[in-house]
Amino acid sequence: MANARYTYPETPVLTSGELAPEGDPAKAATMNYKQPTWPLRFEEHGFSARCYDTQSCKVVYAEVHHGDPKPSPPASTYGLGYLDKWTSGHGGIRNFPPPAKVTWTSKDGSEHDAEIDIGTLFEDQLIRHFVPKEELKDVPNGKIPVNPDILLEVNDRTIRVYMRAYVPTKHLQIPGNPHSARRDDLVLVKTYTY
């Protein structure tokens, strides 16, 4: 997999065209809609880890175990979009627990141990995304209602850390789809090779 695929959005952020529906004005009046504070930050996050092309793999973060002691197939088994819909399975993690402990055996039989310090990678608590400030949609109390996901991929001898965040937009990102006034791009944050 080429890192560049997830460094920039696969489709550009639409900043013109069809506007997102406004919804019920009476309900909106009671919800204190306003622009989110820029830059976007987070105090809690979700986390998930996936393993590909390993003989065994274990990731422990926030006292939750991820991975499998059995061999994992290569990512190519799942096709080119194998990361497209990936979100966290463990949410509501307060920033930041101790580093993720990763123990795995790569496909060549080499054993590896690593600590990935999520707190250091995201110490600024900035949400990684591609939406320009002027495209942000007003939200209740100026707070985006969904915490970002931090995703850790172990792929043979490589570990990649990504962020996926729900960011509401003024314009529909899929023209004609009233439920597409948002972005949730997968953003590559860091790659480690062992």
Side-chain angles (χ1 to χ4, degrees), residues 1-11 39-131 144 146-167 182-194:
M1 179 184 95
N3 289 344
R5 178 163 187 241
Y6 297 101
T7 303
Y8 299 98
E10 289 187 47
T11 57
L40 301 179
R41 295 185 183 276
F42 66 104
E43 296 176 355
E44 292 185 356
H45 60 282
F47 182 83
S48 182
R50 288 186 178 176
C51 303
Y52 300 101
D53 223 3
T54 63
Q55 291 187 23
S56 67
C57 180
K58 181 170 94 173
V59 179
V60 180
Y61 181 67
E63 300 179 12
V64 175
H65 292 251
H66 305 261
D68 198 326
K70 294 180 257 167
S72 60
S76 61
T77 303
Y78 303 99
L80 288 176
Y82 74 102
L83 299 176
D84 288 352
K85 302 295 181 193
W86 185 17
T87 59
S88 71
H90 176 210
I93 303 168
R94 194 90 184 126
N95 297 354
F96 285 103
K101 295 187 184 307
V102 186
T103 308
W104 79 105
T105 304
S106 53
K107 69 179 176 182
D108 67 4
S110 299
E111 295 185 1
H112 308 276
D113 287 297
E115 284 196 356
I116 306 300
D117 193 341
I118 303 298
T120 297
L121 283 176
F122 296 97
E123 67 184 334
D124 58 10
Q125 299 187 56
L126 291 175
I127 294 176
R128 281 27 176 214
H129 65 93
F130 301 113
V131 177
I144 294 176
V146 181
N147 293 320
D149 294 332
I150 296 173
L151 308 167
L152 188 148
E153 174 193 13
V154 179
N155 196 330
D156 188 22
R157 300 179 73 96
T158 303
I159 293 177
R160 293 182 187 91
V161 179
Y162 304 90
M163 177 173 275
R164 185 185 299 277
Y166 169 91
V167 181
R182 62 171 172 73
R183 294 296 293 217
D184 63 350
D185 298 298
L186 186 67
V187 179
L188 177 64
V189 176
K190 182 80 174 178
T191 300
Y192 304 87
T193 304
Y194 299 88

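The basis for the numbers below is simple: all heavy atoms, side chains too, and nothing from hydrogens, waters or symmetry mates.
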Problem set entry | Test item: Phe96 and Glu123 side chains (from C-beta on) under 4.5 Å apart, heavy atoms | no
Exercise. Is a donor on one side and an acceptor on the other found under 3.5 Å between the side chain of Gln55 and the backbone of Lys107?
Worked result: yes
Seminar exercise, completed: CD1 of Ile159 to CG of Leu152, rounded to nearest 0.5 Å, is 5.5 Å
Exercise. Counting distance only, does the side-chain N/O of Thr103 pair as donor-acceptor with the main-chain N or O of Lys58 below 3.5 Å?
Worked result: no
Exercise. Of all heavy-atom pairs between Pro148 and Ala165, which one has the smallest distance, and what is that distance?
Worked result: CB-CB, 3.9 Å
Exercise. So how far is it from Arg128 CZ to Leu188 CG, rounded to the nearest 0.5 Å?
Worked result: 11.5 Å
Exercise. Backbone N or O of Arg164 within a donor-acceptor pair of the Asp184 side chain at under 3.5 Å?
Worked result: no
Problem set entry | Heavy-atom pair with the smallest gap, counting every atom of Asp68 and Lys70 | OD1-N, 2.9 Å
For this session: Might you point out which heavy atoms bring Ala62 and Pro97 nearest each other, and give the distance in Å?
Result: CB-CG, 3.9 Å
For this session: Please tell me if the side chains of Val161 and Phe122 come closer than 4.5 Å, counting only heavy atoms from C-beta onward.
Result: yes
For this session: Could you tell me whether the side chain of Asp108 and the main chain of Ser110 form a donor-acceptor pair under 3.5 Å?
Result: yes
Seminar exercise, completed: When every non-hydrogen atom of Pro69 is compared with those of Ser56, the smallest separation belongs to O-CB, 3.3 Å
Exercise. Checking side chain to side chain contact (heavy atoms under 4.5 Å, CB included) for the pair Val189/Ile150: CA distance, chi angles, key distance, verdict?
Worked result: CA-CA 9 Å; Val189 176; Ile150 296 173; over 6 Å; no
Exercise. Do His112 and Arg157 have side chains that get closer than 4.5 Å, going by heavy atoms?
Worked result: yes
For this session: State the CH2-OH distance between Trp104 and Tyr194, to the nearest 0.5 angstrom.
Result: 5.0 Å
Exercise. Is it true that atom CD of Glu111 has more than 12 heavy atoms of other residues, nucleotides or ligands lying nearer than 6.0 Å?
Worked result: no
For this session: Just do the side chain to side chain donor-acceptor pair (under 3.5 Å) check on Tyr52 and Arg50 with the steps written out, would you?
Result: CA-CA 7 Å; Tyr52 300 101; Arg50 288 186 178 176; 3.3 Å; yes
Problem set entry | Value rounded to 0.5 Å, distance of CZ in Phe130 from OG1 in Thr11 | 10.5 Å
Seminar exercise, completed: Of all heavy-atom pairs linking Leu151 and Thr87, the shortest is CD2-C, 3.8 Å
For this session: First locate atom CD1 of Ile144, then atom OH of Tyr166, and finally report the distance between them rounded to the nearest 0.5 Å.
Result: 8.5 Å
Problem set entry | Ile93 side chain near Val64 side chain, heavy-atom distance below 4.5 Å | no
For this session: Tell me, with the steps shown, if Tyr82 and Asn155 meet side chain to side chain contact (heavy atoms under 4.5 Å, CB included).
Result: CA-CA 12 Å; Tyr82 74 102; Asn155 196 330; 3.6 Å; yes
For this session: For the residue pair Ile118 and Tyr61, establish whether any side-chain heavy-atom pair is separated by less than 4.5 Å.
Result: yes
For this session: Taking the side chain as every heavy atom from C-beta outward, state whether Val59 and Phe47 have any atom pair closer than 4.5 Å.
Result: yes
Exercise. So which heavy atom on Gln125 is nearest to which on Phe42, and how close?
Worked result: OE1-O, 2.7 Å
For this session: Output all residues satisfying side chain to side chain contact (heavy atoms under 4.5 Å, CB included) with Thr120, sequence neighbours left out; order by chain, then residue number.
Result: Asp117
Exercise. Which distance, rounded to the nearest 0.5 Å, do you find between the CG of Asn95 and the CD of Glu44?
Worked result: 7.5 Å
